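Reviewing the structure listed below.
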Amino acid sequence: MSGAHESLFDTRCCIVGGGPAGIVLGLLLARAGVSVMVLEKHGDFLRDFRGDTVHPSTLELLRDIGLLDKFLALPHRREETLLASFADGLVTIGDFRGLQPFPFLALVPQWDFLDLLATESRRYPSHRLLMDTQATALLREDGRVVGVQAQGPHGPLTVRADLVVACDGRHSTLREAAGLKTRDFGAPMDVLWFRLPREAADLDNTFGIVARGSMMVVVNRDDYWQLGLLIPKGSGEARRRRPIAEFHAEVARIAPFLAGRMREIKSWNDVSLLTVTVDRLERWHQRGLLLIGDAAHAMSPIGGVGINLAIQDAIATANIVGPALRDGGPIGDGLLAKVQARRLLPTRIIQAVQVAAQRRVIDAILSPEGPPPRLPGLARSLLKFRWVRRIPARLFGLGVRRERLRLTATAVR
């Protein structure tokens with residue numbers, strides 16, 4: 001660190017964004033002895049209604065880096081099956097019990113997960129995490145990205161780096177600054193997130209409710225329900241201008257067992273709007289700059305796979321770019337292209353599945369026409385077989401071309 005007022009920093013790798021991709025990549029690089037700085041624009045990780053599903057592929061990473069026991073010591077819930085409720089009854093649509101060595105999905109508040117990783121990162125002297133620090137622009141020299149300009153709690157600062165990795169989400173500041181082209185696949189829905197108390201007689205599972213013109217995701221968080229009401233794309237703000245009593249009535253129609261609890265939702269301040277986006281950059285990199293996670297490919301909430309796909313990106317980045325960062329070698333554009341080449345296929349496949357589900361299932365569900373939806377007879381018959389129920393669990397739980405960490409750690413002094 002140098003410069004007047006301690007506003008100039010030098011590091012081998014600057015990671016922008018302290019979500020799952022950024023925090024994991026920072027940890028993996030620091031374990032290998034790479035000088036790394038992570039910039040997170042918020043002062044803490046406490047954001048409600050972020051994705052909290054930790055899939056078996058991520059549990060494998062936690063095991064490999066020695067954090068599994070600490071992770072499982074966090075308050076969490078294990079889901080072995082996922083259910084869906086139709087007009088003609090309840091059906092199991094996903095079964096994780098055949099996956100090894102982790103036959104379950106873990107539900108953990110994302111802030112606890114990120115705090116665990118950040119705490120582990122602090123053990124490594126080459127790692128630095130700056131909270132409440134927002135990157136505002138890219139720093140370029142001779143057509144190459146050589147760092148970022150940022151605003152911190154004590155004023156402006158400049159971070160010079162051999163590589164900048166943008167992990168700053170679907171509304172990425174650095175993606176916009178780089179002028180990279182995005183392909184938008186569209187989404188027919190947005191989601192209203194809220195929470196209500198659980199009661200002892202409630203179903204002890206995570207499930208979805210399919211009703212006429214509506215669908216609601218009901219996530220079991222033990223002492224409360226985390227609920228996501230799917231609504232037609234772009235209708236959120238108009239709904240929020242209507243009386244909250246109309247929202248109460250809509251939820252009670254879809255899930256009558258929640259009717260008496262809707263008084264907990266006192267105003268629209270108790271409801272968060274998630275704008276769903278499914279898109280992908282055509283090119284994930286420029287000279288000195290790499291984008292991963294939602295900054296490179298925003299995912300639909302279908303399957304709850306966004307966190308885990310972003311973490312897989314981080315592992316691949318550590319494996320491919322980490323050795324050059326550690327050994328002082330050049331970070332050429334060809335090396336960054338290898339990250340995109342490695343992660344493009346799984347991203348394409350998962351997004352294709354999500355877009356197909358949106359067009360063939362969600363579109364039909366959100367249509368107000370017709371009788372209450374029933375599960376087609378053929379689908380109900382097929383879902384009686386466990387191997388069929390394991391297909392979505394394997395696809396979303398383990399992913400396509402899942403990554404195993406190869407970048408070795410150095411001893412912590």
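On a predicted model such as this, the values are computed, not experimentally measured, just so you know. Position 1 is the first residue of the sequence, and the numbers go up from there.
For the residue pair Asp95 / Trp387, no side-chain donor-acceptor distance below 3.5 Å is found, with atom types taken as modelled. There is no side-chain donor-acceptor pair under 3.5 Å between Ser35 and Ser126. In this structure, a donor-acceptor pair under 3.5 Å is absent between the side chains of Thr206 and Asn220.
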Check the pair Arg77 / Asp204 against salt bridge (Lys or Arg N to Asp or Glu O under 4.0 Å), numbers first and verdict last. CA-CA 11 Å; Arg77 177 178 174 82; Asp204 189 25; 3.0 Å; yes

Under the side-chain contact (heavy atoms from CB on, under 4.5 Å) criterion, do Leu29 and Leu407 qualify, and how do the steps go? CA-CA 8 Å; Leu29 294 178; Leu407 184 66; 4.2 Å; yes

Begin with the C-alpha distance, continue with both residues' side-chain angles, and end with the deciding distance and a verdict on side-chain contact (heavy atoms from CB on, under 4.5 Å) for Leu107 and His76. CA-CA 5 Å; Leu107 299 175; His76 72 283; over 6 Å; no

Stepwise side-chain contact (heavy atoms from CB on, under 4.5 Å) test for Ile265 and His248: CA-CA 8 Å; Ile265 307 298; His248 289 183; 3.8 Å; yes

Decide yes or no on salt bridge (Lys or Arg N to Asp or Glu O under 4.0 Å) for Arg261 and Glu199, but give the supporting numbers first. CA-CA 10 Å; Arg261 305 173 216 183; Glu199 296 181 359; 3.5 Å; yes

From CA spacing to verdict: salt bridge (Lys or Arg N to Asp or Glu O under 4.0 Å), Asp279, Arg175: CA-CA 13 Å; Asp279 65 28; Arg175 177 168 67 178; 3.6 Å; yes

Apply salt bridge (Lys or Arg N to Asp or Glu O under 4.0 Å) to Arg221 and Asp52, showing your working. CA-CA 10 Å; Arg221 304 310 298 268; Asp52 296 335; 2.7 Å; yes

Set out, in order, the CA-CA distance, both residues' side-chain angles and the distance that settles side-chain contact (heavy atoms from CB on, under 4.5 Å) for His285 and Leu289, then state yes or no. CA-CA 5 Å; His285 54 92; Leu289 173 68; over 6 Å; no

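With Gln134 contributing its side chain and Lys41 its backbone, the two residues share no donor-acceptor pair below 3.5 Å. Using a distance-only test at 3.5 Å, with no hydrogens or angles considered, no donor-acceptor pair links the side chain of Asp132 to the main chain of Pro153. With Arg342 contributing its side chain and Thr317 its backbone, the two residues share no donor-acceptor pair below 3.5 Å. Remark: the backbone N or O of Glu403 is paired with a side-chain donor or acceptor of Gln312 at under 3.5 angstrom. A donor-acceptor pair under 3.5 Å is absent between the side-chain atoms of Arg406 and the main chain of Ala318, judged by distance alone. In terms of modelled atom types and a separation under 3.5 Å, the side chain of Asn319 and the main chain of Arg404 share a donor-acceptor contact. Side chain of Gln340 to backbone of Glu282: a donor-acceptor contact under 3.5 angstrom is found. Looking at Gln351, its side chain does come within 3.5 Å of a backbone N or O of Ala298 through a donor-acceptor pair. Judged by distance alone, with hydrogens and angles left aside, the side-chain atoms of Ser381 form a donor-acceptor pair with the main-chain N or O of Gly377 at under 3.5 Å. With Arg389 contributing its side chain and Leu383 its backbone, the two residues share a donor-acceptor pair below 3.5 Å.
Aromatic ring orientation, Phe96 versus His55: perpendicular (interplanar angle above 60°, classes split at 30° and 60°). Using cut-offs of 30° and 60° on the angle between ring planes, the pair Phe247 and Phe194 is perpendicular. Taking the six-membered ring where tryptophan is involved, the planes of Trp284 and His297 are tilted, since the angle between them lies from 30° to 60°. Ring geometry, Phe102 versus Phe104: the interplanar angle exceeds 60°, so the pair is classed perpendicular (tilted spans 30 to 60°).
To the nearest 0.5 Å, atom CG of residue Leu28 and atom CD1 of residue Ile311 are 9.5 Å apart. Distance check, rounded to the nearest 0.5 Å: CG of Asp223 to CZ of Arg195 gives 8.5 Å. Rounding to the nearest 0.5 angstrom, the gap separating the CZ atom in Arg78 from the CG atom in Leu59 is 8.5 Å. Taking CD1 of Ile350 as the start and OG of Ser300 as the end, the distance is 11.0 Å to the nearest 0.5 Å. Atom CD1 of Ile292 sits about 10.5 Å away from atom OG1 of Thr347, to the nearest 0.5 Å. With rounding to the nearest 0.5 angstrom, the CG atom of Leu163 is 6.0 Å from the CG atom of Leu336.
A salt bridge links Asp88 to Arg380: one of the charged nitrogens lies within less than 4.0 Å of a carboxylate oxygen. Using a 4.0 Å cut-off between charged nitrogen and carboxylate oxygen, Arg283 and Asp333 count as a salt-bridge pair.
Within the 4.5 Å cutoff, the side chain of Leu27 has no heavy atoms near those of the Leu25 side chain. Residues Leu61 and Leu67 fail the side-chain proximity criterion, which asks for heavy atoms closer than 4.5 Å. Looking only at side-chain heavy atoms (C-beta outward), Ser85 and Val210 stay at 4.5 Å or farther from each other. Residues Arg31 and Tyr124 meet the side-chain proximity criterion, which asks for heavy atoms closer than 4.5 Å. With contacts defined as side-chain heavy-atom distances shorter than 4.5 Å, the pair Thr53/Asn308 qualifies. The shortest distance between side-chain heavy atoms of Leu105 and Phe396 does not fall below 4.5 Å. For the pair Leu180/Gln286, a side-chain contact is recorded, criterion being any heavy-atom separation below 4.5 Å from C-beta on. Between Thr158 and Leu139, the closest side-chain pair of non-hydrogen atoms falls below 4.5 Å.
Around the CZ atom of Arg242, the shell of radius 6.0 Å holds more than 12 heavy atoms that belong to other residues, nucleotides or ligands. In the displayed structure, Phe257 atom CZ is contacted under 6.0 Å by more than 12 heavy atoms of other residues, nucleotides or ligands. The number of heavy-atom neighbours closer than 6.0 Å to CZ of Arg183, taken from other residues, nucleotides and ligands shown, is 12 or below. Surrounding CG of Asp69 are at most 12 heavy atoms belonging to other residues, nucleotides or ligands under 6.0 Å away. Enclosure of atom CD in Glu264 by more than 12 non-hydrogen atoms of other residues, nucleotides or ligands within 6.0 angstrom is indicated.
Closest heavy-atom contact between Thr133 and Ala150: CG2-CB, 4.0 Å. Closest heavy-atom contact between Leu129 and Ala118: CD2-CB, 4.0 Å. Contact record, Ile254 with Ser214: CD1-CB, 3.4 Å, taken as the closest heavy-atom pair. Summarising the geometry of Trp193 relative to Val191, their closest heavy-atom pair is NE1-CG1, 3.6 Å, with the distance given to 0.1 Å. Nearest approach of Arg343 to Asp313, heavy atoms of both residues: NE-OD1, 2.8 Å. Scanning all heavy atoms of the two residues, the minimum distance from Thr173 to Thr136 falls at CG2-O, 4.0 Å.
Tested against Asp190, the residues Arg239, Lys233, Arg240 include a single salt bridge (charged side-chain N to carboxylate O under 4.0 Å, His left out) partner, Lys233.
For the pair Arg198 and Tyr224, the cation does not sit on the ring face, since its NZ or CZ is not both under 6.0 Å from the ring centre and inside 45° of the axis.
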